[in-house]
Amino acid sequence: MSGAPQPVISNFIRSIIDADLASGKHNRIVTRFPPEPNGYLHIGHAKSICLNFGLAQDYHGKCNLRFDDTNPEKESEEYAQSIQDDVRWLGFQWDGEVHWASDYFEQLYQFAIELINKGLAYVDDLTPEQMREYRGTLTQAGKNSPNRERNVAENLDLFMRMKSGEFADGSMVLRAKIDMASPNMNMRDPAIYRIRRAHHIRTGDKWCIYPMYDYTHCISDALEGITHSLCTLEFEDHRPLYDWVLDNIVIPCHPRQYEFSRLELHYTITSKRKLLQLVNEKHVSGWDDPRMPTVSGMRRRGYTAEGIREFARRIGVSKSENIVDMAIMESAVRDDLESRAARVMAVINPLKVSLTNCDGAQAREADFHPNHPEFGKRLVPISKDIFIEAGDFAEVPPSGWKRLTLGGEVRLRHSYVMRCNEAVKDASGQVIELRCSIDHDTLGKSPEGRKVKGVIHWVACEYTLSAEFRLYEQLFTVPEPDADKEKSFLDFINPASLTVVQGWVESCVKDAAPETRYQFERLGYFCTDRREHQPGGKLVFNRTVTLRDSWTKE
RNA sequence: UGGGGAGUCGCCAAGUGGUAAGGCACUGGAUUUUGAUUCCAGCCUUCGUAGGUUCGAUCCCUACCUCCCCAGCCA
């Protein structure tokens with residue numbers, strides 16, 4: 001993965017772009033990533049980011065970052081900042097300055113006046129309840145509001161007074177005059193402006209009327225010269241409205257909207273609202289909890305930007321509903337980590353072993369990476385007492401067992417072949433210590449006359465460092481926590497999604513900076529915690545993902 | 001029952017008239033001082049169903065079935 005670039009996978013959007021470029025409709029493409037700053041970015045956004053920025057890169061076009069900040073009540077500076085951080089961390093840079101829909105509030109207002117003047121928008125003071133009644137249902141046409149035929153002068157006057165703050169919040173809206181009988185609910189005279197006295201993160205208290213998404217998005221796209229406006233499937237039937245607005249104002253650009261299916265991932269959720277709930281109700285430690293499918297959560301867990309981008313490449317882009325296996329994410333991350341993480345040994349569930357013939361045993365130099373000598377080497381010392389993984393010893397081993405057993409031999413990784421002579425037990429029969437001996441003639445070479453099949457990791461008690469290991473599993477116990485009609489997704493939170501253990505690690509990691517990645521051999525990939533790991537002090541490792549394991553599966 | 005979409009291997013996903021790419025997962029086997037990596041091999045005679053057109057259909061036509069989205073002054 002870190003080698004040659006991966007081949008591009010075709011999709012319907014690329015086909016459209018290829019055709020648009022070939023026909024001369026466009027010379028270069030302009031896309032945009034348009035988040036609302038009302039939460040942290042998650043894996044679904046990452047897919048969209050990879051699509052929009054990736055397309056711009058591949059086709060030598062441009063991609064804007066534009067905040068869809070039209071609903072001040074839900075938006076915050078913190079979110080806007082985190083979104084920019086996440087996009088950059090993912091490895092993308094937007095064209096020029098960050099754009100904000102709020103930059104266009106004045107122009108949006110003028111276009112609204114244009115619509116009013118054309119008799120295509122009117123002020124309505126129906127209550128929300130009345131509006132709903134007038135809208136009709138999926139199978140029944142709506143009926144015209146009594147205010148629909150208000151004259152232009154009156155509409156203009158009312159709209160200006162809405163802007164100047166004469167009316168109470170929610171008392172009236174500006175509506176597009178389209179068709180109350182349209183089979184498409186979005187075309188039944190949608191509201192395009194509402195009155196809301198809320199402090200806006202960019203414009204402060206300058207405005208008390210705010211434009212709605214459908215009205216704002218298409219105009220923003222047009223003002224920025226977007227060629228391909230990509231969004232998710234649920235906006236498919238908003239497209240007629242997108243086109244209606246641009247067709248009815250004087251604006252020299254009409255971007256085309258294309259919809260792709262949103263990403264769902266097994267064993268997690270990708271609903272901003274529900275992620276917020278997990279944070280607010282403290283089911284997780286925050287937006288960047290390593291169990292969260294947020295960009296910042298995945299980052300903290302140790303996923304790499306390259307791994308996430310590769311994941312996006314592997315899942316592709318289509319219009320069919322999909323729920324992707326977590327295994328695809330994990331394999332993409334492993335593929336990246338395989339070539340970039342140094343190998344070190346750590347023991348997370350220790351069983352003490354005392355070596356009865358350790359005198360004269362030597363330390364050995366070991367590569368930090370089996371296939372990349374440029375990672376360098378470190379010394380792996382041995383001492384009279386060592387820790388091995390409790391799970392690597394079995395008194396009564398299952399068939400096919402290649403690890404340690406009473407009377408058996410095993411290779412200590414980067415060190416000697418060791419034989420287990422005795423298992424010491426406590427009163428309850430639990431094995432609490434092993435007495436073993438090493439074969440002094442096996443350092444850096446195979447033993448004489450016999451084959452030792454197993455290799456286990458270990459640390460020397462005398463030289464090891466204590467560390468905290470945070471082990472993660474899926475946040476939910478079922479593949480589709482959102483799917484149950486009776487139960488809340490909260491009922492499926494996995495109580496074992498986080499396990500914190502104290503263990504031991506080779507001393508060479510002592511001064512590792514935050515966000516340093518290692519493969520602890522045979523255990524998995526780990527990453528020092530961004531927040532709580534202290535180089536030279538308290539060592540905290542987050543398990544990013546386990547290694548592939550062709551033994552421990554049923 | 002109105003409108004808009006989607007149905008290709010367990011999960012993704014190309015292909016769209018010329019006889020089913022690829023990835024993940026899975027199963028064998030080789031190499032291995034990580035049961036890792038790497039490497040080789042296998043894995044849908046078939047494209048939601050039923051008809052039709054055609055020398056030939058996943059692709060065109062017809063009917064049907066299933067699933068998703070839409071009735072916010074959210075995005």
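Only a predicted model underlies this, so the values are computations on that prediction, with no experimental measurement involved. Naming: A, B, ... by sequence-line order, numbering from 1 per chain.
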ask   = When rounded to the nearest Å, what value does the distance between P atoms of B:A57 and B:A50 take?
value = 15 Å
task = Indicate, with a heavy-atom threshold strictly under 4.0 Å, whether A:Arg403 touches base, sugar-phosphate, or nothing.
result = base
ask   = Between A:Arg314 and B:A13, does any side-chain N or O lie under 4.0 Å from OP1 or OP2?
value = no
task = Using a strict 4.0 Å threshold on nitrogen-to-oxygen distance, state whether A:Lys74 and A:Asp69 make a salt bridge.
result = no
query = Just one of A:Glu234, A:Glu321, A:Glu236 clears the salt bridge (charged side-chain N to carboxylate O under 4.0 Å, His left out) bar with A:Arg262, so which one?
reply = A:Glu234
task = May I ask you to say what A:Leu523 touches in the nucleic acid, namely base, sugar-phosphate or nothing, with a heavy-atom cut-off under 4.0 Å?
result = nothing
key: A:Thr137 side-chain proximity, nearest of B:A25, B:G2, B:A71   = B:A71
Under 4.0 angstrom between A:Thr70 side-chain N/O and B:C74 OP1 or OP2 = no
request  = Could you check which of B:G5, B:C70, B:C11 has an atom nearest any side-chain atom of A:His266?
outcome  = B:C11
query = With respect to the side chain of A:Asn71, which nucleotide from B:C24, B:A75, B:A36 is positioned closest?
reply = B:A75
key: Within 6.0 Å of CD in A:Glu448, more than 12 heavy atoms from elsewhere   = no
inquiry  = OP1 or OP2 of B:A36 versus the side-chain N and O atoms of A:Ser550: is any pair under 4.0 Å?
reply    = yes
task = Using a 4.0 Å heavy-atom cut-off across all strands, classify A:Gly142 as base, sugar-phosphate, or nothing.
result = nothing
note = pair_partner(B:U49), Watson-Crick or wobble, both distances < 3.5 Å, evaluates to B:A63
key: Nearest to side-chain heavy atoms of A:Phe235, which nucleotide of B:A75, B:A13, B:C73   = B:A75
Side-chain N or O of A:Asn11 closer than 4.0 Å to phosphate OP1/OP2 of B:A14 = no
request  = State whether the aromatic ring of A:Tyr213 stacks on the base of B:A75, taking stacking to mean ring centres under 5.5 Å apart and ring planes under 30° to each other.
outcome  = no
task = May I ask you to say what A:Gly454 touches in the nucleic acid, namely base, sugar-phosphate or nothing, with a heavy-atom cut-off under 4.0 Å?
result = nothing
message = Nearest to the A:Ser10 side chain among B:G2, B:G5, B:G15, which nucleotide is it?
response = B:G15
ask   = Using atom P of each nucleotide, how far apart are B:A30 and B:C47 to the nearest Å?
value = 37 Å
key: Residue A:Arg364, side-chain atoms from C-beta onward, closest of B:U33, B:G23, B:C11   = B:U33
inquiry  = Among B:C73, B:C11, B:C69, which nucleotide has an atom closest to any side-chain atom of A:Glu234?
reply    = B:C69
message = Using only modelled atom types and a 3.5 angstrom limit, is any donor from either the side chain of A:Arg522 or the base of B:U34 paired with an acceptor on the other?
response = no
request  = Establish, yes or no, whether the cationic atom of A:Arg378 lies under 6.0 Å from the six-membered ring centre of A:Phe368 and within 45° of the ring axis.
outcome  = yes
Pair assignment for B:A21, Watson-Crick or G-U wobble, requiring both distances under 3.5 Å = none
ask   = Looking for any heavy atom pair under 4.0 Å, which part of the strands does A:Arg313 touch: base, sugar-phosphate only, or nothing?
value = nothing
query = Which value, in whole Å, describes the distance between the P atoms of nucleotides B:C59 and B:G15?
reply = 15 Å
inquiry  = What's A:His414 touching, base or sugar-phosphate or nothing? Going by heavy atoms closer than 4.0 Å.
reply    = base
task = Pick the P atom in B:U1 and in B:A20, then give their distance to the nearest Å.
result = 38 Å
remark   = Applying the 3.5 Å cut-off to both distances, the Watson-Crick or G-U partner of B:G2 turns out to be B:C70
query = Looking at the rings of A:Tyr193 and A:Phe159, which for Trp means the six-membered one, are their centres under 6.0 Å apart?
reply = yes
request  = With heavy atoms under 4.0 Å as the rule, sort A:Glu321 into base, sugar-phosphate or nothing.
outcome  = base
query = What's the base orientation of B:G72: syn (chi within 90° of 0) or anti?
reply = syn
message = Counting only Watson-Crick pairs (N1-N3 plus N6-O4 or O6-N4) and G-U wobbles (N1-O2, O6-N3), all under 3.5 Å, who is the partner of B:A41?
response = B:U27
ask   = Do A:Arg32 and A:Ser229 have side-chain N/O donor and acceptor atoms under 3.5 Å apart?
value = yes
request  = Remember a base hit wins even if backbone is also touched, and classify A:Arg413 as base, sugar-phosphate or nothing at under 4.0 Å, heavy atoms.
outcome  = base
ask   = Are OP1 or OP2 of B:A13 and a side-chain N or O of A:Ser318 less than 4.0 angstrom apart?
value = yes
request  = Answer with base, sugar-phosphate or nothing: what part of the nucleic acid does A:Met131 contact at a heavy-atom distance below 4.0 Å?
outcome  = base
hbond_proxy A:Asp237 side chain to B:G3 base (donor-acceptor, 3.5 Å cutoff) = yes
query = Within 45° of the ring axis of A:Phe260 and under 6.0 Å from its six-membered ring centre, is that where the NZ or CZ of A:Lys319 lies?
reply = no
task = Ignoring backbone atoms, test whether A:Arg194 places a side-chain nitrogen or oxygen under 4.0 Å from the OP1 or OP2 oxygen of B:A75.
result = yes
query = P atom, B:C60 versus B:U16: distance in rounded Å?
reply = 11 Å
remark   = Looking only at B:A71, B:C12, B:U37, the nucleotide nearest the A:Ile328 side chain is B:C12
query = Between B:G2, B:C73, B:G35, which nucleotide gets closest to the side-chain atoms of A:Trp401?
reply = B:G35
query = If we take the P atom in both B:C24 and B:U37, what is their distance in whole Å?
reply = 11 Å
request  = Report yes or no: do A:His266 and A:Glu480 form a side-chain donor-acceptor pair below 3.5 Å?
outcome  = no
task = Under 4.0 Å between any heavy atoms, over every strand shown, what does A:Tyr210 touch: base, sugar-phosphate, or nothing? Just pick one.
result = nothing
inquiry  = Can you tell me how the ring of A:Phe235 sits relative to the ring of A:Tyr213, calling it parallel under 30°, perpendicular over 60° and tilted otherwise?
reply    = tilted
message = Base, sugar-phosphate or nothing for A:Gln140? Non-hydrogen atoms, less than 4.0 Å.
response = nothing
task = For A:Arg175, answer base if it contacts any base atom (sugar-phosphate contacts may also be present), sugar-phosphate if it contacts only those atoms, and nothing otherwise; contact means non-hydrogen atoms under 4.0 Å.
result = nothing
query = What interatomic distance, in whole Å, is found between P of B:C69 and the corresponding atom of B:G28?
reply = 40 Å
ask   = At under 4.0 Å between heavy atoms, what does A:Val317 touch on the DNA or RNA strands: base, sugar-phosphate, or nothing?
value = sugar-phosphate
message = Under 4.0 Å, heavy atoms only, any strand: does A:Val173 hit a base, just the sugar-phosphate, or nothing?
response = base
key: Nearest listed nucleotide, side chain of A:Lys402, among B:C12, B:G35, B:G2   = B:G35
